[in-house]
Amino acid sequence: MKTSKKLLDKKNLIGILGSLTFCSALGISTNAAALDVVIILDTTGSTGALLPNWQANMEASIINPIKAVDPNARFALISHLDFPFSPYGVTGEYAYRVESPLNSNIAPLLTALSSLTSGSGGDTKESQLEAIYQANTGLGLDLNGNGSYTDTGDILPAPLGFNPLTNSFTIHFTSPLDYHNDPLEPNYPYTGVVNNPADYNDALAALAANNNTYFALTPNPLLATGSSTALDFSGSSAGAALTLDSTSTAERLAAATGGEVLGVGSDLSGVEEAMEEIIDIVRPCPPGEIPVELPIGVACVPEAS
Ligand SMILES: [Ca+2]
Ligand SMILES: [Ca+2]
């Protein structure tokens, strides 16, 4: 549920401005609100080939447009390949890794981004659902159930630090749009696994718990799984929302959380347009107003001139 939309109503805004004064009179401090933004990079195969583009352009094309509407937005960076078991993934690779937890200072994120390398990911589908689940829960994964989170393929618990008062959204750069464990694959990532990686319902519940809107960015033109036919787009230009196979994991997660799947082109030329679309949806306040965090939630107040 998006509480911020209610705040666009003028009557609510007046009430909020009144409560701001009230809070101030009581000596209750108000903090600048902060959208929590989780950027997930699939660094396998064809998407990984665009890693240099992200390293060159992420600050300008993703972070700065968000900071323009919420100067205190916090950003986390996650990467994933797939579990390191054949045929799903490759030895030494990983299903989820925190590159940088939520932080309004983006310097650590940019440092981590600059040292990222791409990998294989084994088979076509990847561990996208587990990455989404871990980003939102930080619970870790003990695949063989031995109480240790450091065995091959395991994931150490590591909460990103979401702010429960504010909205969050995820930007997941990935391809294809069908993810492993949708539906549950009992032998993924290996036969005899004790604790299965997250399935669709687990990932969706984890997103919902953080009021986290899911957006998938994907290079286009796209090829349907097992097909040589490019999929149809609702708009022919990169950056437009895609109308794809509505049964794909990415489309269903996006639809269920109020997000979208957006094509950004095989050279990321559509990122700017995609970000305009995303910001229209997640923008915490109308133009000319900035979000402020109150004990009861987030309010929009006129920007100081
Ligand atoms: Ca894979
Ligand atoms: Ca273990």
Side-chain angles (χ1 to χ4, degrees), residues 39-51 54 77-99 116-135 137-159 170 172-204 206 214 216-220 222-228 231 244-245 247-253 261 266:
I39 301 169
I40 306 179
L41 290 184
D42 167 354
T43 54
T44 65
S46 59
T47 46
L50 292 173
L51 184 56
W54 286 120
L77 180 66
I78 302 301
S79 72
H80 72 82
L81 294 155
D82 203 344
F83 288 96
F85 307 100
S86 178
Y88 306 110
V90 170
T91 301
E93 297 194 337
Y94 55 93
Y96 173 78
R97 193 166 76 191
V98 179
E99 303 297 343
L116 261 180
T117 55
S118 60
S120 161
D123 67 348
T124 307
K125 295 181 181 182
E126 317 297 0
S127 58
Q128 290 99 333
L129 287 175
E130 181 64 18
I132 294 163
Y133 178 80
Q134 290 299 333
T137 66
L139 289 174
L141 180 62
D142 172 14
L143 284 168
N144 60 1
N146 68 346
S148 162
Y149 290 82
T150 60
D151 296 299
T152 301
D154 281 359
I155 299 169
L156 279 168
T170 296
H172 191 172
F173 179 64
T174 191
S175 179
L177 299 176
D178 280 312
Y179 306 163
H180 265 308
N181 243 11
D182 178 30
L184 182 75
E185 301 162 54
N187 296 321
Y188 173 71
Y190 56 79
T191 303
V193 60
V194 174
N195 293 312
N196 299 99
D199 66 7
Y200 176 85
N201 292 325
D202 296 329
L204 179 57
Y214 181 77
L217 302 186
T218 194
N220 62 29
L222 296 166
L223 300 181
T225 306
S227 159
S228 59
L231 297 171
L244 302 171
D245 173 2
T247 63
S248 78
T249 314
E251 286 260 299
R252 283 157 46 232
L253 272 184
V261 176
S266 56

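What's counted below: heavy atoms across the whole structure, side chains too, no hydrogens, waters or symmetry copies. Bear in mind that the values here come from a model prediction, so they are computed numbers and not experimental data. Indexing begins at 1, ligand by ligand and atom by atom, following the structure's order.
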>> With carbon and hydrogen excluded and only N/O/S kept, which atom of D151 is nearest the Ca ion (ligand 2)?
In response: OD2

>> To 10 degrees, how wide is the angle OD1 (D142) to the Ca ion (ligand 2) to OD1 (N146)?
In response: 80°

>> Nearest 10°: the angle subtended at the Ca ion (ligand 2) by S148 O and D154 OD2?
In response: 70°

> How about Y88: does one of its N, O or S atoms come closer than 3.0 Å to the Ca ion (ligand 1)?
Replying inline: yes

> Is any N, O or S atom of G89 under 3.0 Å away from the Ca ion (ligand 1)?
Replying inline: no

> Applying the side-chain contact (heavy atoms from CB on, under 4.5 Å) test to L141, which of L156, N195, D154 qualifies?
Replying inline: N195

>> Which residue is it: P219, S118, S175? I am looking for the one with a side-chain contact (heavy atoms from CB on, under 4.5 Å) to L50.
In response: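 Testing L50 for a side-chain contact (heavy atoms from CB on, under 4.5 Å) against P219, S118, S175 leaves exactly one candidate, P219.
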
> In D123, the N, O or S atom nearest to the Ca ion (ligand 1) is which?
Replying inline: OD1

> In E126, which N, O or S atom comes closest to the Ca ion (ligand 1)?
Replying inline: OE1

>> In this structure, is the centre-to-centre distance between the rings of Y133 and Y96 below 6.0 Å?
In response: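 Judged by ring-centre distance (under 6.0 Å), Y96 and Y133 do not meet the cut-off.
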
>> Only to 10 degrees, please: what angle do the OD2 atom of D82 and the O atom of K125 make about the Ca ion (ligand 1)?
In response: 80°

> Got I132 and Y179 here, is their nearest side-chain heavy-atom distance under 4.5 Å?
Replying inline: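 Yes - at least one pair of side-chain heavy atoms lies under 4.5 Å apart.
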
> Within a strict 4.5 Å, meaning less than it, do heavy atoms of the N187 and F85 side chains meet?
Replying inline: no

>> For Y188 and H180, take the angle between the two ring planes, folded into 0 to 90°, and tell me which bin it lands in: parallel under 30, tilted 30 to 60, perpendicular over 60.
In response: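 Answer is parallel, since the angle falls under 30°.
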
